[in-house]
Amino acid sequence: MERTKRFLGFVLSFPGIIWLTLFFLLPTTIIVVYSFMTPGPYGGAYLPFTLKYYKMMITNQGFWILFMRTVVISVISTGICLALALPVAYYIATSKYKNFLLSLVIIPFWTNFLVRIFGWLVILGNNGLINRVLMYLHIIDKPVSLMYNQWSVILVIVYMYLPYMILPLYSSIEKFDFHLLEAAMDLGASRTKTIFSVLLPSIKGGISAGIVLVLIPVLGSYAIPDLVGGKDGAMLGNLIARQLTTARNWPLSSAISMIFLLISTVGLLVYLKFGEVRNRRNRVIYEDYIKEETNKIG
Amino acid sequence: MAEISIELRNVTKIFDGDFVAVNNVNLSIEKGEFFSLLGPSGCGKTTILRMISGLEEPTKGEVILNGRVINDLPPNKREVNTVFQNYALFPHLTVFENIAFSLRIKRKSEAEIKKKVMDMIDLMRLNGHENKKPSQLSGGQKQRVAIARALVNEPSVLLLDEPLAALDAKLRQHMLIELDNIHDEVGITFIYVTHDQSEALSISDHLAVMNEGKIIQVGTPVQVYESPANLFVANFIGETNFIQGIVEKVEGNYILLKTEKLGEIWCYRDFEVKIGEKINVSIRPEKLKITIEKPSEEVLKNSFVNVFKGIVSERIYLGTHSNYIVSIDQGYQMKVYRQHIRYLLDENIIDWNDEVYVWWFADDSYLIKD
């Protein structure tokens, strides 16, 4: 019985395994191999194997500036998302109209990602909404450049990824037992203290899920910095694309991708470490307890 | 008179502008007593508890703790701690840290925390579970952690909100005894909310019976059981036979009641009544006697006794006793409990369709105003 179940599980997981092997493991391996090869004149990667492009990347000051900027933008955006999403998720989870509010959070997904970025061009551009209003009110007399810097990138990233933070936070707050806050207050904790010592630790799982869901894709942002970032707001994703297309240096773009994989993996490992603590709950050994209690009763 | 621990003066709680959860309640609870609030669900007993703990604010009236009005004091400033119905243990903290929670908030020294928490763990017999998370504990253990967590703070009043509701019957009985021992040991006021009359009767010094936001009766368990203030109390606590009638005659301490269901019956005169007054009498089933033979002439001559003939229409054997329903000849269905104080054989149990006498002494009934 147990064996048939295991076998069935293996068979059922087969399509998924094949899928992942074909479209994830294999391409990743190809990128790893490419990163050690030599570029051809029109792209592609050829022998001999070399460490040249790793060296080129590591010794290039421009790369490190972009790398640091990518990490800083991602961490700040994720932090802002978390700070904004917590009260929203709390409010939705405790509201009478939670289904309605939740659908409001999800509705933006119905609109194309790129269209929504272009929307920001209309708002932030030199002839955009903000500049026009400010000029109309005579606060400024010529357009101010609101775009093409790191802050516009952070702004749009936060706008795009906020729902990905709200949803996991919502689902863990929704499962949270609010009696715990009353219990904490009853035991002498102030309101602020109850949030930090009871609510946040209890929804740790949701917080780390939200961080992973936002941080990892944001690290690999390409479209947002490309459209609203310009030169000052470019991130590693843009560098990879440029090396792949304009410069036709496939090995170099592969080497940069590998760095990415490295940061993402480290991020994920940190997350798993968090998750492990959460899942280490042992099963209740109820039978033992019943036995013990029955002995006491006699 | 003993010192008063908690007093409620004209306390009313209205939710959402129109739902009156607690209606003009006055209550005073003495220091160190085990006091129960008993009533059906939704009667306002938990709301009273929450107003004492500060989690709800009274709409009107005053909550007084140790002689001081505490209406405006937030829950974290009150010398009151609660054992919540669903325990409300912090899932991310170990048993030790759960119990230490309030001490850490008060920024006690590490040595003091350790000592107090370990004392509590000893008292609650939780030794060996200090480093477990609540999810690893059984219901009874969680219960004890919840009590330890509330008591470690040395409150002057401990509030318990249906603490045993989630436990199975046997464990509940066991925890009830344990609670009583803990109360004796710590000596502070316990206020215990329950809808289970047997819990309230067995453990309380005094109890208040509530219904629809009002306190109907306050008294010792014996007072409340034997002398219920009205039909609701008599019905809610234990079972009883109600008979309505009109006072026909008064003879010393006894009255003759003329009833529709049973004709004339003698009752003890528990309070002043007028001839012609409409009144109810409650006769508890365990105070009735059920016999195949007619009671002896001696019994009948020397006391005010009511005797009726009937046929057993229902019998439930419960080991220690049997519950009967007897169809009295006049048509009334009477509940009777019979204790099996002697060794019982199948052939001499009073059975279905047996013709029986149901009788009781007039002293054993209790009058209830209409």
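Naming: A, B, ... by sequence-line order, numbering from 1 per chain.
For Arg50(B), the part sitting under 4.5 Å from any heavy atom of chain A is the side chain, from C-beta outward, and nothing else. Neither the backbone nor the side chain of Val152(B) comes within less than 4.5 Å of any heavy atom in chain A. Only the side chain of Asn153(B) comes within less than 4.5 Å of a heavy atom in chain A; its backbone stays farther off. Residue Phe101(B) touches chain A through its side chain alone, counting heavy-atom pairs closer than 4.5 Å. Contacts of Leu93(B) with chain A are absent, with no heavy-atom separation under 4.5 Å from either backbone or side chain. Contacts between Asp186(A) and chain B at a heavy-atom distance below 4.5 Å involve backbone atoms as well as side-chain atoms.
In this structure, the side chains of Pro91(B) and Leu180(A) come closer than 4.5 Å at one or more pairs of heavy atoms.
In this structure, the separation between NE2 on His179(A) and CG on Leu55(B) is 9.5 Å, given to the nearest 0.5 Å. Distance check: Ile99(B) CD1 to Leu187(A) CG gives 11.0 Å after rounding to the nearest 0.5 Å.
Per-residue heavy-atom pair counts under 4.5 Å with chain B were compared for Lys193(A), Met185(A), Arg191(A), and the maximum is reached by Met185(A). The choice from Ala183(A), Ser190(A), Ser202(A) that makes the most heavy-atom pairs within less than 4.5 Å of chain B is Ala183(A).
With a 6.0 Å radius and a threshold of 12 heavy atoms from other residues, nucleotides or ligands, Glu174(A) has its CD atom above the threshold. Counting non-hydrogen atoms of other residues, nucleotides and ligands closer than 6.0 Å to CD of Glu130(B) gives a total above 12. Other residues, nucleotides and ligands place no more than 12 heavy atoms under 6.0 Å from the CH2 atom of Trp151(A). Around the OH atom of Tyr222(A), the shell of radius 6.0 Å holds no more than 12 heavy atoms that belong to other residues, nucleotides or ligands. Annotation for Phe178(A): atom CZ counts as buried by contact number, over 12 foreign heavy atoms lying within 6.0 Å. Other residues, nucleotides and ligands place more than 12 heavy atoms under 6.0 Å from the CZ atom of Phe113(A). Counted within 6.0 Å of NZ on Lys98(A), heavy atoms from surrounding residues, nucleotides or ligands total more than 12; the atom is thus considered enclosed.
Side chain of His92(B) to backbone of Ser197(A): a donor-acceptor contact under 3.5 angstrom is found.
Here the closest heavy-atom approach between residue Ala189(A) and residue Ile105(B) is recorded as CB-CD1, 3.2 Å.
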